[in-house]
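First up is the structure itself, then whatever we jot down about it.
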Amino acid sequence: MRKPQYAEVMYLDFNGFFASCSQFAHPHLRGKPVGIVPHEGNGNTCIIACSAEAKKFGVQNVMPLPLVRRLCPEIILWPQEVDLYRRAHNYLMAEVESAIPIDAVKSIDELCSVISDDDRKDPTRLGREIKRRLLNEVGPWITCSIGFAPNRLLAKIACKDGGKDGLNVWQPEHVPAFLSHILLKDIPGIGPGTLKRLYQARIGTTDCLRNAAPKHLRQIWGNVAGERMSYAINGFDIKAQPTARSQYGHGRVLPPAFRSLEACRHVTRILAVKAARRMRRDHWSSSKLILGLSGYFGGHWSRGHHMAAVCDDMGVLEALERLWFQAMRELPPGIVILKADVSLDDLSLTAQRQLDFLADDEHVRRRQEAITEALDALNRRYGSTVVTVGPWSNPAADRLGAKISFTRIPRREDAW
Ligand SMILES: [Mg+2]
């Protein structure tokens with residue numbers, strides 16, 4: 001395994017992305033504490049993101065509204081603007097790409113790049129150049145933090161650690177000193193479960209983690225990820241493993257008018273069709289549909305339904321109906337649902353899937369897929385919901401499923 005001599009990777013993260021995009025688009029929000037909420041007229045929700053000005057009051061992303069109001073009474077609550085975030089993402093990526101090729105887009109506001117040989121000894125110039133371009137082309141409202149380090153994990157830690165003007169350069173010889181003040185919980189890849197196991201193994205600091213044997217960490221993690229952590233934290237060039245798609249899902253915090261079981265059922269139909277449409281676009285089929293409901297009935301209800309690998313709307317909606325049949329039987333009538341999630345699990349590539357021969361439904365499946373294909377073509381041509389399977393009641397002006405997400409970059413096709 002290679003140990004780079006210089007910083008080779010750049011990690012860039014836009015600061016307070018959702019709030020700064022809204023401040024950028026609406027000048028009256030600039031310089032003010034802003035909290036982004038899922039939709040207007042909310043009762044008991046939380047903010048999903050907040051501006052730098054709000055953070056100064058102690059407000060954090062994903063904080064319940066009552067607490068936010070107590071910390072910062074003057075906070076301006078602003079509904080999410082999915083389409084704006086999507087456009088801003090594309091624009092900002094193009095701006096960064098004019099300075100350096102992007103190696104991987106990690107989320108809606110994070111990316112990483114491998115830097116050229118010329119920049120490795122002193123990447124500060126490159127970092128300043130990117131920041132200068134953003135300032136000139138976008139303005140001072142959307143800013144970013146940049147970290148340079150020998151590998152991606154260290155570059156991400158350097159980036160999150162801030163540094164002077166949000167620009168941190170970690171050359172290999174300084175990595176141990178820089179790392180020693182980073183807490184274990186702030187290292188990407190160490191969740192609460194792993195943290196607990198590390199403490200039990202008497203590894204309580206980043207220095208201890210760095211000095212632990214790769215085999216030991218493998219044991220603590222329970223898989224090869226521990227060994228990879230050991231090499232990455234010690235500055236080796238360790239490539240990210242390709243992650244396989246595991247599911248397509250959509251979730252939604254429900255607007256007040258859609259919180260009954262019956263109204264929520266309509267919403268989940270839309271979520272399911274949206275997820276299925278995204279899945280088809282990527283050529284996957286799913287063997288399991290999961291419906292999750294949360295609300296005022298003592299927590300969370302979730303059930304899965306197995307299907308023969310399907311990708312068509314009818315197959316997915318049929319499974320959803322079965323889950324709703326179960327939900328109606330198991331949940332007390334009249335309850336209030338606050339959030340609904342639908343996800344398509346157990347994926348296989350449509351071209352390689354195993355059809356369920358026992359069910360002998362191949363001809364039905366093929367016919368339904370042909371119908372779905374025709375519907376998709378019509379919708380692509382004449383507008384996203386010109387034809388649908390069954391009733392379609394979309395909460396007005398509220399784009400279901402096109403919610404904001406840090407990990408998925410919404411596409412224009414999703415904004416309907
Ligand atoms: Mg960010």
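Indexing begins at 1, ligand by ligand and atom by atom, following the structure's order. Count residues from 1 along the sequence. Not measured: the values here are computed from a predicted model.
Look at Phe17 and the Mg ion (ligand 1): no N/O/S atom of the residue is under 2.8 Å from the metal.
Within the 4.5 Å cutoff, no side-chain heavy atoms of Phe18 are placed close to those of Ile48.
The atom of Asp109 that is an N, O or S and sits closest to the Mg ion (ligand 1) is OD2. Among heteroatoms of the N, O or S kind in Asp13, OD1 lies nearest the Mg ion (ligand 1).
Between Met1 and Asp237, the shortest heavy-atom contact is CG-O, 4.0 Å. Scanning both residues, Ile36 and Ser22, for their nearest heavy atoms gives CD1-OG, 3.8 Å.
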### Task
For side chain to side chain contact (heavy atoms under 4.5 Å, CB included), just list the numbers for Phe57 and Val68, CA-CA rounded to whole Å, side-chain angles, deciding distance to a tenth of an Å, and then say yes or no.
CA-CA 9 Å; Phe57 287 85; Val68 171; over 6 Å; no
